[in-house]
Number of protein chains: 2
Amino acid sequence: MRFLGRILPRNDFKRINGMKQTLKVVKIGGKLIENEALLNSFMDDFVEMKGPKILVHGGGNKATEVAGKLGFKTKMIDGRRITNKESMEVITMVYGGLLNKSIVAGLQAKKQNAIGLCGADGKVLISKKRENKEIDYGYVGDVVHVNINFIESLLKQNIVPVFSAISCTDGGMLLNTNGDSVASEITIAMSKTYETQLYYCSEKKGVLRDIEDDNSVITELNSENYKELIASKVITDGMLPKLHNCFEAISRGVSAVFLGDANLLKENVSHTKIVK
Amino acid sequence: MRFLGRILPRNDFKRINGMKQTLKVVKIGGKLIENEALLNSFMDDFVEMKGPKILVHGGGNKATEVAGKLGFKTKMIDGRRITNKESMEVITMVYGGLLNKSIVAGLQAKKQNAIGLCGADGKVLISKKRENKEIDYGYVGDVVHVNINFIESLLKQNIVPVFSAISCTDGGMLLNTNGDSVASEITIAMSKTYETQLYYCSEKKGVLRDIEDDNSVITELNSENYKELIASKVITDGMLPKLHNCFEAISRGVSAVFLGDANLLKENVSHTKIVK
């Protein structure tokens with residue numbers, strides 16, 4: 001990399017003139033992963049994206065499908081999955097093994113060096129088991145620490161970290177973890193040394209003015225118009241936790257959050273951009 | 001680390017006075033992994049072991065069990081498993097996910113930093129699909145390249161690489177790979193910069209003079225007495241491929257190979273040591 005006439009190692013560039021290098025963290029959901037053609041097209045876009053980047057993936061229905069075939073019933077309370085020991089084993093197999101390694105191999109096929117990680121690997125995502133007096137959710141946890149030095153050592157080697165949504169307690173217990181939160185916690189933590197952007201790819205093209213109309217995407221949200229849209233009930237219950245999570249990321253150092261569908265990384269595709 | 005009165009970073013120590021630092025590579029088989037108490041005791045010994053180290057694990061019957069429950073039949077030809085697409089998916093789930101991540105989490109629980117890897121991660125084990133005109137073994141490959149720089153970057157951070165026996169072609173295809181060969185190929189490759197030792201932990205205490213007598217362990221084998229023992233038919237067919245593999249490692253730069261059971265890493269336990 002050439003700067004002021006001299007060659008700099010890529011790594012030094014990050015802090016030149018106090019400017020931070022941009023790191024992009026992309027989260028893909030279960031439905032995208034289940035559609036082979038869509039996933040392949042997404043990965044082409046992801047590989048094209050310049051600069052340091054991180055991929056986080058959910059698991060979707062594959063774990064439920066495998067659990068069912070293995071004879072384990074998925075227990076739900078109030079619409080939330082209860083992760084017992086057998087479920088956690090299936091999640092480790094499907095998210096941490098099959099999906100994670102297939103995505104890494106898929107990126108390698110496209111000449112993008114990558115590495116698959118769960119929270120236990122290099123103690124990269126340390127979590128705390130979720131305590132709830134009324135319902136025991138089982139092997140479920142929330143991220144309390146991100147090992148940014150380890151992530152940075154991979155980025156410096158131009159290796160893309162690919163995270164499954166599995167974290168690990170300090171005592172070495174694997175825990176099922178919300179994929180959106182994994183992505184936001186990583187991005188927030190990395191904001192210490194990078195200018196960070198967070199991309200959520202799901203089924204919707206972004207935040208919609210009219211839930212029935214896929215073309216009613218709200219282009220930009222900031223804390224001002226966000227409040228107005230809640231007050232005027234344009235943004236309703238279903239979207240609130242996700243957007244709360246996005247604004248939380250913004251308030252903790254993330255520059256921008258982008259919401260869109262599988263084509264979010266392509267240019268000139270409608271999406272919602274969330275800023276301060 | 002103190003040397004000649006000055007503090008040296010650990011990494012510099014490796015080449016002081018031309019002496020190479022010792023790297024230990026340990027392979028554990030399927031049966032050890034299946035026995036929780038035995039695995040736990042082995043991991044205590046492994047964590048105790050000083051200096052840079054690498055763990056390689058097989059998978060044993062767990063993959064066959066899971067495949068059976070998922071309704072996939074394991075196809076065998078001449079006693080060899082045929083790895084079709086579904087089998088490879090199960091292997092990726094069970095070896096690359098469940099077993100690999102459980103071992104990593106188990107090591108973290110014992111305060112040993114570790115990372116789980118398959119060949120696709122960081123392009124660490126590149127293989128070639130096995131070609132056979134008579135039988136198509138399917139998704140099976142042999143290691144042709146080990147990314148020693150990447151392994152070294154982990155060892156320098158005091159992170160133990162934990163390998164499942166899955167490699168990856170240059171084109172990004174995951175392949176089932178013989179665990180013993182994975183261990184020996186890694187050890188051979190790392191001999192470039194380290195003095196290396198290879199440990200195979202299986203059910204037997206070592207090479208036996210009398211297959212019926214577990215206490216008849218041959219303490220040391222070198223290329224001289226190895227030939228004699230073959231000539232006198234003390235070493236027979238069953239053991240020949242494994243020992244051939246060991247002497248191949250020795251001839252390609254590995255200092256010593258140790259064969260023993262789950263207690264191999266304990267002191268004063270009978271085992272077979274193979275040297276030049």
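Worth saying up front: this structure is predicted, and the values here are computed from it rather than measured. First the proteins, then the strands, lettered A, B, ... as listed; each starts at 1.
- Across all non-hydrogen atoms, the minimal contact from A:Cys118 to B:Lys101 is SG-CD, 3.6 Å.
- Taking 4.5 Å as the limit, some side-chain heavy atom of B:Ile115 sits within range of a side-chain heavy atom of A:Leu117.
- Proximity to chain A (any heavy atom under 4.5 Å) is shown, for B:Leu70, by both the backbone and the side chain.
- Near-neighbour residues of residues 172-179 of chain B relative to chain A, defined by a heavy atom under 4.5 Å from a heavy atom of that chain, comprise B:Gly172, B:Leu174.
- With a threshold of 4.5 angstrom between heavy atoms, B:Gln157 approaches chain A through side-chain atoms but not through N, CA, C or O.
- Heavy atoms of B:Leu154 lying under 4.5 Å from chain A belong exclusively to its side chain.
- Residue contact with chain A, scored on non-hydrogen atoms closer than 4.5 Å, is absent for B:Val124.
- Counting heavy atoms from C-beta on, the side chains of B:Lys69 and A:Lys69 never come closer than 4.5 Å.
- Neither the backbone nor the side chain of A:Val90 comes within contact range of chain B; no heavy atom of the residue lies under 4.5 Å from a heavy atom of that chain.
- Only the side chain of B:Ser153 comes within contact range of chain A, judged by heavy atoms closer than 4.5 Å.
- For B:Lys110, no part lies under 4.5 angstrom from a heavy atom of chain A.
- Residues A:Lys111 and B:Asp170 have side chains in contact (heavy-atom distance under 4.5 Å, counting atoms from C-beta outward).
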